[in-house]
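Convention: sequence-line order gives letters A, B, ...; per-chain numbering from 1.
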There are 2 protein chains.
Amino acid sequence: MAVVNTVPPEVIQQVAEYFTVLSEPMRLRILNLLRDGEKCVQELVEATQTSQANVSKHLKVMLQAGILTRRTEGTSAYYSVADELIFELCGLVCDRIASRIEEQAKQFRNFSLMARP
Amino acid sequence: MAVVNTVPPEVIQQVAEYFTVLSEPMRLRILNLLRDGEKCVQELVEATQTSQANVSKHLKVMLQAGILTRRTEGTSAYYSVADELIFELCGLVCDRIASRIEEQAKQFRNFSLMARP
DNA sequence: ACCTTTTATCGCCATAAAGTCATCTAAAGC
DNA sequence: GCTTTAGATGACTTTATGGCGATAAAAGGT
């Protein structure tokens, strides 16, 4: 299909919202914790050292974004990752950041202007 | 290399900041315009229908994030994409959103509860 | 029935950021 | 040198959101 240059506003908006979910450190921390399987709210609270209200809020954001799924068992709510794409995205970004830093290091190494011949 | 579960805060922070750049509709629009080569500020202002100050601000954000490069020619400033990864990321997200919507459509089609036998 | 545990939600505050307007800087042309 | 044009920047307003505390709601155990 042809990718036109005038992208509809709703498409732009939805893509932006998807990235917004991944733009908060606390949410990334939670997602990282959920990488090895589902966890309940309390476990996430203990692991993240933030308030329970805060964890619940972030979980709601990700749930509504379709990134997480929710399962209740008794009084507990277990969350797990529904959209594995986020790990791929994070991996790509991490690699890119790493490459940049390595490139930066090279810049300093190659800066031999003041070095003895 | 082993990917540990306790990710350093600075890493989390940097990844979050990268996604933050992509979480604004206006920036995505500008990036989309820059897909087919460099453009000067004035061209972007005309294409986006926003103020020149606003365009300059967003360009600065992306420049400092290492996503754009800047080249001046006379009184004009030409910007172009330095980090092609963003297109890959946007493509992946768009595909995912499209799949979800298709899946949603299927849900409605399969909901024949009220249909005649 | 009551109390505890777990989660969700509300009200509030502080902060961050997008957008606008006005101003400032720098290069080009006269 | 002055004006014009292009772009950057600072002050300001408005909005969105992260975080906290308190509270509500739901399920289990006593």
Side-chain angles (χ1 to χ4, degrees), chain A residues 9 12-34 37-82, chain B residues 9-10 12-34 38-82:
Chain A
I12 297 272
Q13 186 65 36
Q14 287 223 32
V15 175
E17 279 170 16
Y18 193 101
F19 284 125
T20 299
V21 176
L22 301 177
S23 68
E24 283 304 316
M26 183 58 74
R27 281 197 284 269
L28 292 180
R29 287 176 61 194
I30 292 173
L31 288 172
N32 190 50
L33 288 166
L34 293 176
E38 66 173 13
K39 286 198 169 46
C40 71
V41 179
Q42 196 50 38
E43 291 175 294
L44 293 172
V45 170
E46 286 161 14
T48 56
Q49 297 279 30
T50 185
S51 70
Q52 177 264 318
N54 200 23
V55 171
S56 277
K57 227 183 212 181
H58 285 302
L59 289 172
K60 184 181 183 181
V61 169
M62 295 189 277
L63 187 67
Q64 289 187 329
I67 284 179
L68 297 183
T69 56
R70 192 181 109 109
R71 177 181 75 83
T72 65
E73 188 179 315
T75 66
S76 298
Y78 287 87
Y79 287 86
S80 59
V81 175
Chain B
E10 319 95 52
I12 297 270
Q13 186 66 36
Q14 287 223 31
V15 174
E17 280 170 18
Y18 194 101
F19 284 125
T20 299
V21 176
L22 300 177
S23 69
E24 283 303 315
M26 184 58 75
R27 283 198 283 270
L28 292 180
R29 287 175 60 194
I30 292 173
L31 287 171
N32 190 50
L33 288 166
L34 293 176
E38 65 173 14
K39 288 200 169 43
C40 71
V41 178
Q42 196 51 37
E43 291 175 296
L44 295 171
V45 170
E46 286 161 15
T48 56
Q49 297 278 33
T50 185
S51 70
Q52 178 263 315
N54 199 25
V55 170
S56 277
K57 264 190 190 166
H58 283 301
L59 289 172
K60 185 181 182 180
V61 169
M62 294 189 278
L63 188 67
Q64 289 187 330
I67 284 180
L68 298 183
T69 56
R70 192 180 109 109
R71 176 182 75 83
T72 64
E73 187 178 313
T75 65
S76 298
Y78 287 87
Y79 288 85
S80 59
V81 174

| note | chain B reaches DNA chain C, atoms under 4.0 Å from its heavy atoms, from dA18(C) to dA28(C)
What integer distance in Å separates [X]:[atom1] from [N]:[atom2]?
X      : N       : atom1 : atom2 : result
K60(A) : dT17(D) : NZ    : P     : 13 Å
L44(B) : dG7(D)  : CG    : P     : 9 Å
M62(A) : dT17(D) : CE    : C1'   : 15 Å
E43(B) : dG7(D)  : CD    : C1'   : 14 Å
Q13(B) : dG18(D) : CD    : P     : 13 Å
L59(B) : dG7(D)  : CG    : P     : 10 Å
Q42(A) : dA27(D) : CD    : P     : 18 Å
R27(A) : dG18(D) : CZ    : C1'   : 9 Å

Could you tell me whether the side chain of [Y] reaches within less than 4.5 Å of the side chain of [X], counting heavy atoms only?
X      : Y      : answer
L22(B) : L22(A) : no
S80(B) : Y78(B) : no
T50(B) : H58(B) : no

| said: Measuring from atom CE of M26(A) to atom CG of N54(A), what distance do you get when rounded to the nearest 0.5 angstrom? | reply: 5.5 Å
| remark: Output for pair (L31(B) CG, I12(A) CD1), nearest 0.5 Å, gives 9.0 Å
| request: Please work out if Y78(A) contacts a base, only the sugar-phosphate, or nothing of the nucleic acid, heavy-atom cut-off 4.0 Å. | output: nothing
If I compare all heavy atoms of [X] with all of [Y], which pair ends up nearest, and what's the gap?
X      : Y      : value
T20(A) : S23(B) : OG1-CB, 3.3 Å
V41(A) : S56(A) : CG1-OG, 4.1 Å
C40(A) : S76(A) : CB-CB, 4.5 Å
K39(B) : L33(B) : NZ-O, 3.1 Å

| Where along residues 66-77 of chain A does a heavy atom fall under 4.0 Å from DNA chain D? | G74(A), T75(A)
| query | Out of dG7(D), dC20(D), dG10(D), which nucleotide sits closest to the side chain of K57(B)? | reply | dG10(D)
| request: Report the nucleotide, chosen from dG21(D), dG10(D), dG7(D), that has the shortest atom-to-atom distance to any side-chain atom of A53(A). | output: dG21(D)
| query | For the side chain of E46(A) and the backbone of E43(A), is there at least one donor-acceptor N/O pair under 3.5 Å apart? | reply | no
| request: Mark yes or no for whether R29(B), through its side chain, and T48(B), through its backbone, hold a donor-acceptor pair below 3.5 Å. | output: yes
| Quick one: on DNA chain C, does V61(B) or Q52(B) contact a more 5' nucleotide (nearest heavy atom)? | V61(B)
| With a 3.5 Å cut-off and no angle check, do the side chains of Q13(B) and E17(B) form a donor-acceptor pair? | yes
| task | Quantify the bending of the helix from dA1(C)-dT30(D) to dC30(C)-dG1(D) as the angle between its end axes, each fitted on five pairs, to 10°. | result | 10°
